[in-house]
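Whatever order the structure lists ligands and atoms in, that order sets their numbers, starting from 1.
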Amino acid sequence: MKSLTVTLPATAAAPYDIRIEAGGLARLGEQVRAVAPAPSCAVVTDSLVGPLYLERAAASLAGAGYRVLVHTMPAGEAHKTLATASGALDTFLNARVERATPVVALGGGVVGDLAGLVAATLLRGVPFIQAPTTLLSAVDASVGGKVGVDHPAGKNLIGAFHQPRLVLTDIATFKTLPPRELRCGLAECVKHAIIREAGLFAFIESHVGKLLACDSAAIEELVARNVAIKAAVVMEDPFEHGVRALLNLGHTFGHAIENVMGYTGIAHGEAVALGTIAATRLAAARGEFPPGDVGRIAALLEAIGLPTALPGLDVDRTFAAMATDKKVAGGRLRLVLPTAIGAARVVQTGDADVPGIRRAIASLSAA
Ligand code: NAD
Ligand code: MG
């Protein structure tokens, strides 16, 4: 079992623990009771996670004395909407929940983001507990307090900051993850390593086989080290005014690729892998990143089974999509570029940088 405490500036939220434990779901009830005692608790899960883990989680919560209310949403990003959140609010309000009732998110990032919005708005805000069941949600989505849903105008456009009281990750649940979901989680882990910790990069390199096989000890260390990075960044910058922007490494290119692909055929983590390659090549071309390490990053992403090239990618459309990304400040594109394996910075680009950015995109389609 590994554990760390997130302490935010006094204005943001109370400190909370992130616990990482194989089999931890069996102790969910007692752990929730320790931070959010109440007569009832409100679980949000999805149609794929529910059949696998709801019984175990609900039994533990009931064993700790809670009346367990459950809202099961259909699985998938397409259902991360205000309508789904509204349905969950109906379920819990009709069951007469109290202000002390914790909302427990049992699932991946979709469930976590949506349940967090429900927790932030139910009776003007109730305690929120995250029980992430995907690698991505464990290392990324569950840490930091950003919650929300999608809108037809774009992803995550409706939301709030609502910090959890506890994050409990049962890494044994990752064993049922589709391999592609595991690889997408690893893409964000590689991103964390590149922006902040060369040692983590080396750890992933030397444990790829074990990580892909969901070896318990390797996964536990991976999650703990990644959570430490994300939590450190969030503690420094809870409302995303500064250093938190580094977490967008690979994402401005990646979002544009997802957009051009119409959000089909490519998973978010795969787009992030491609975006990371593009950002790294751009940094190297600017003379700001050691050229020899470009290949090292590509080799690791390939070993994980992530794409590093996308033949036929349309450079014009991808560049145009980047320019409309929400991270554009005052019409100028802000890009996160690595300066080494283990460090990155935000670069404000101008007209002179356009050819370089286009070459970086083109390198993905040519390779
Ligand atoms: P997800 O929640 O859709 O989970 C992926 C798929 O795996 C789903 O079909 C789910 O039902 C299934 N699943 C989940 N756990 C499983 C398990 N243990 N065994 C078998 N199947 C399982 O997606 P995700 O990748 O976890 O999260 C992506 C979401 O997270 C996006 O909506 C993204 O916007 C959000 N996100 C939020 C933040 C944040 O800071 N709040 C950060 C990153 C991503
Ligand atoms: Mg991401």
Within reach of ligand 1, part of Val147 (heavy-atom separation under 4.0 Å): neither
N/O separation below 3.5 Å, Val110 to ligand 1: yes
Residue that, paired with Leu249, satisfies side chain to side chain contact (heavy atoms under 4.5 Å, CB included) out of Ile194, Thr280, Val272, Leu335: Ile194
Under 2.8 Å: N/O/S of Glu188 next to the Mg ion (ligand 2): yes
Which segment of Asp150 sits under 4.0 Å of ligand 1 when only heavy atoms are counted: neither
Charged N-O contact under 4.0 Å between Glu288 and Arg286: yes
For ligand 1, the portion of Thr133 having any non-hydrogen atom under 4.0 Å away: both
Heavy-atom gap Arg244 to ligand 1 smaller than 4.0 Å: no
Tyr53, any N or O under 3.5 Å of ligand 1 N or O: no
Option whose closest heavy atom lies nearest to atom 16 (C) of ligand 1, chosen from Val234, Val272, Asp170, Leu177: Leu177
Polar proximity ligand 1 side, Gly109 side, N/O cut 3.5 Å exclusive: yes
Any side-chain heavy-atom pair of His192 and Glu197 under 4.5 Å: no
Ala75 contact mode with ligand 1 (heavy-atom cut-off under 4.0 Å): side chain
Under 3.5 Å: N/O of Asp140 near N/O of ligand 1: no
Location of contacts on His79 toward ligand 1, heavy atoms closer than 4.0 Å: neither
Option with minimal heavy-atom separation from atom 5 (C) of ligand 1, where the choices are Glu181, His268, Glu188: Glu181
